[in-house]
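What follows is a single structure, written as structure tokens, with notes after it.
From a predicted model like this one, the values you see are computed outputs, not experimental measurements. Values reported hereafter were calculated over all heavy atoms of this structure, with side chains retained and with hydrogens, waters and symmetry mates removed. Remember, it's 1-based here, ligands and their atoms both numbered in the order they're listed.
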Amino acid sequence: MELADLAAIAEKERAARPPVEVRCCTAAGCASAQADKVLDGLKKAAADAGLDGKVRAVSVGCLRLCSRGPLVQVDPDGTLYANVTPEAAPSVIAGLAGGPVAAERLDPAGPFFAGQASVVLENSGRVEPERVESYIAADGYKALYKAVREMTPAEVVEAVTRSGLRGRGGAGYPTGVKWATVAKNPGDRKYVVCNADEGDPGAFMNRSVLESDPHKVLEGMAIAGYAVGANQGYVYVRGEYPLAIDRLTTAIKQAGKLGLLGTHVFGTPFDFRVDIRIGAGAFVCGEETALMASIMGGRGTPTPRPPYPAEKGLWGMPTLLNNVETFANVPRIIRDGPEWFAGIGTEKSKGTKVFCLTGKVANTGLVEVPLGTPLRTIVEGIGGGAQGGAIKAVQTGGPSGGCIPAELLDTPVDYESLGKIGSIMGSGGMIVMDGASDMVDVARYFMEFCMDESCGKCVPCRAGTVQLHRLLTRIVDGAAGPDDMARLESLCHMVKDTSLCGLGQTAPNPTLSTLRYFRKEYEAKLRTDRRVHLPVYTPTVNGTPARRTP
Ligand SMILES: Cc1cc2nc3c(=O)[nH]c(=O)nc-3n(C[C@H](O)[C@H](O)[C@H](O)COP(=O)(O)O)c2cc1C
Ligand code: SF4
């Protein structure tokens with residue numbers, strides 16, 4: 001495969017494109033609302049109207065406003081329809097000739113769409129995720145060509161370093177530094193792993209990227225493999241994401257057939273193979289050492305670091321492990337240059353970030369913004385504010401993150417600013433809460449999640465999350481006294497400081513941040529009469545009595 005061959009595929013694809021394309025999102029959110037039937041209806045209506053060659057209905061990925069799906073967009077004029085039912089599909093085709101359309105029409109230039117950026121999601125809703133030709137027509141695999149044919153591995157690492165890209169999996173570790181470490185560490189073999197475990201409640205960014213634009217992630221992984229000297233990649237994706245797995249499987253096969261993956265990529269000595277490993281849906285398996293144990297066929301439990309995966313990862317070999325969104329940023333960095341990428345965002349947080357905006361907000365869906373965008377712009381401007389009331393708090397970072405009160409909505413959303421106010425960027429979950437939300441109950445919910453998901457390997461997390469959940473439940477039930485509050489706080493710090501992995505180390509964060517900003521809500525629930533007879537509390541997990549702590 002040469003650059004000219006890539007250009008020929010792109011040209012053929014563009015030439016075959018009819019004047020009008022009716023794009024129907026068939027990603028998981030819309031698929032759950034019968035998008036497949038809508039697509040069939042659109043295809044049939046176009047054929048019945050004799051529009052073959054003039055109008056084509058195609059399956060695309062996420063069009064971002066997930067709560068209003070199925071979404072259908074007409075290209076090139078951009079007309080966008082929401083809540084399209086299979087019955088309404090023929091009217092969308094009739095609407096091309098000016099007929100009435102039996103679906104809600106959205107303004108694609110409205111605040112939800114106009115306020116957003118398009119880097120990671122640039123192809124989402126535009127390319128057909130199950131056709132490599134469609135991705136190639138959108139300049140796909142040009143960056144891989146440039147990397148393997150025009151750059152040395154060290155130059156690729158240097159470009160990623162200069163771009164300022166930081167890991168999108170949660171901690172924001174500088175991607176270039178990680179790549180350079182894997183590149184320099186000796187090993188007979190090296191591996192590239194894409195972390196698509198995505199276990200945070202309310203987060204579906206990675207799933208959406210894989211369902212909408214799987215080749216972008218594969219291209220990023222292949223560039224990474226070339227840069228660090230790895231010939232084998234794995235995508236670790238949870239079994240609850242069957243559509244993402246299907247589309248990824250198709251993409252790997254198609255890329256392999258064209259020589260974009262496999263042996264002699266673009267006719268060079270560089271070989272790169274990608275396989276999928278399916279996880280069973282344990283949150284802890286997103287933690288890198290647990291994930292690698294799971295890939296190697298072991299039980300998915302964390303091990304102490306060092307050694308880090310970059311030194312001793314899969315089968316003891318240097319392993320580069322990055323998040324889906326981290327890899328999805330790489331093709332544009334190589335194609336358009338690190339300076340272009342570094343021009344987006346803040347001094348220390350470069351590029352864009354994809355968030356899943358959910359909760360009590362008018363517009364729920366996938367949101368991509370430059371890092372440094374004020375939280376208020378995201379939740380009020382793009383999100384349209386709370387439904388029927390004022391925003392009380394915004395939870396970022398999932399079970400490892402914190403609750404940001406409404407007074408701090410002008411905080412820029414970047415790694416440093418969120419850290420300063422006691423939250424984290426995390427992988428991109430963003431849950432909006434209104435006046436009806438009980439912040440102590442929110443803290444209890446996240447603690448219950450961590451308690452259920454704790455792998456049980458170390459005592460502080462295994463026993464500590466149970467005790468913390470128990471204390472939070474006592475407070476919510478009005479059965480706790482001031483001494484319980486003191487116990488809650490000190491236990492939070494103990495669990496944070498002594499747990500083995502990030503799950504336990506961050507499990508107290510939602511509790512600590514609600515204590516910091518919503519302490520009065522805790523205090524209002526405390527009993528004042530110490531003589532009250534309290535019922536014995538038995539914590540339960542999914543309806544069954546929880547483990548007894550030692
Ligand atoms: C309990 C736990 C769950 C995690 N889950 C994920 C996940 O689902 N996806 C992810 O990319 N990183 C997750 N991480 C972070 C990974 O361990 C790792 O830091 C990350 O994948 C590195 O990629 P990055 O440098 O591109 O961010 C998790 C960490 C912990 C402690
Ligand atoms: S902190 Fe929790 S999840 Fe992590 S190793 Fe310990 S018990 Fe397992």
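- Under 4.0 Å from ligand 1, the heavy atoms of T326 that appear belong solely to its side chain.
- Applying the 4.0 Å criterion to heavy atoms of R168 picks out, from ligand 1, the atoms 26 (O), 27 (O).
- In this structure, V235 and M221 have side chains that are in contact, with non-hydrogen atoms separated by less than 4.5 Å.
- At least one heavy atom of G199 sits closer than 4.0 Å to an atom of ligand 1.
- The protein heavy-atom contact nearest to atom 10 (C) of ligand 1 is N195 ND2, 3.1 Å.
- Side-chain contact between T289 and C501 is absent, with no heavy-atom pair separated by less than 4.5 Å.
- For ligand 2, the atoms lying closer than 4.0 Å to a non-hydrogen atom of G456 are 7 (S), 8 (Fe).
- In this structure, the side-chain contact (heavy atoms from CB on, under 4.5 Å) partners of A35, at least two apart in sequence or on a different chain, are C24, T26, C30, P70.
- A distance of 9.5 Å separates CG of D484 from CZ of R470, quoted to the nearest 0.5 Å.
- Remark: R166 qualifies as a cation-pi partner of Y415 under the 6.0 Å distance and 45° angle criteria applied to the six-membered ring.
- Note: Y226 and F272 fail the aromatic proximity criterion, with ring centroids not under 6.0 Å apart.
- Look at Y173 and you'll find every heavy atom at least 4.0 Å from all atoms of ligand 1.
- Going from atom OG of S349 over to atom CG of L371 covers 5.5 Å, rounded to the nearest 0.5 Å.
- Annotation: D197 places no N or O atom under 3.5 Å from an N or O atom of ligand 1; distance criterion only.
- In this structure, CZ in R64 is found 4.5 Å from CG in L121, a value given to the nearest 0.5 Å.
- Here the protein heavy atom with the shortest distance to atom 11 (O) of ligand 1 is N323 ND2, 2.8 Å.
- For atom 20 (C) of ligand 1, the nearest non-hydrogen atom of the protein is L321 CD2, 4.0 Å.
- Nearest heavy-atom pair across P306 and E311 is CB-OE2, 4.3 Å.
- Counting only protein atoms, the N, O or S atoms lying less than 2.8 Å from atom 4 (Fe) of ligand 2 are C501 SG, ordered by chain and residue number.
- Put simply, the residue from I333, T352, D336 that forms a side-chain contact (heavy atoms from CB on, under 4.5 Å) with V119 is T352.
- When only non-hydrogen protein atoms are considered, atom 27 (O) of ligand 1 lies nearest to G169 N, 2.7 Å.
- Closest to atom 29 (C) of ligand 1 among all protein heavy atoms lies E287 CA, 3.7 Å.
- The shortest N/O to N/O separation between K178 and ligand 1 falls below 3.5 Å.
- Distance check, rounded to the nearest 0.5 Å: CG of L165 to CG of N322 gives 7.5 Å.
- Two residues are said to be in side-chain contact when any heavy atoms from C-beta on lie closer than 4.5 Å; M292 and L321 meet this criterion.
- Residue G502 approaches ligand 1 through these ligand atoms, each under 4.0 Å from one of its heavy atoms: 31 (C).
- Proximity annotation for atom 18 (C) of ligand 1: of E198, E453, E288, E288 comes nearest, heavy atoms only.
- The shortest contact between atom 4 (C) of ligand 1 and any protein heavy atom is with G286 C, 3.3 Å.
- Under a cutoff of 6.0 Å and an axis angle of 45°, K312 and Y308 do not form a cation-pi pair.
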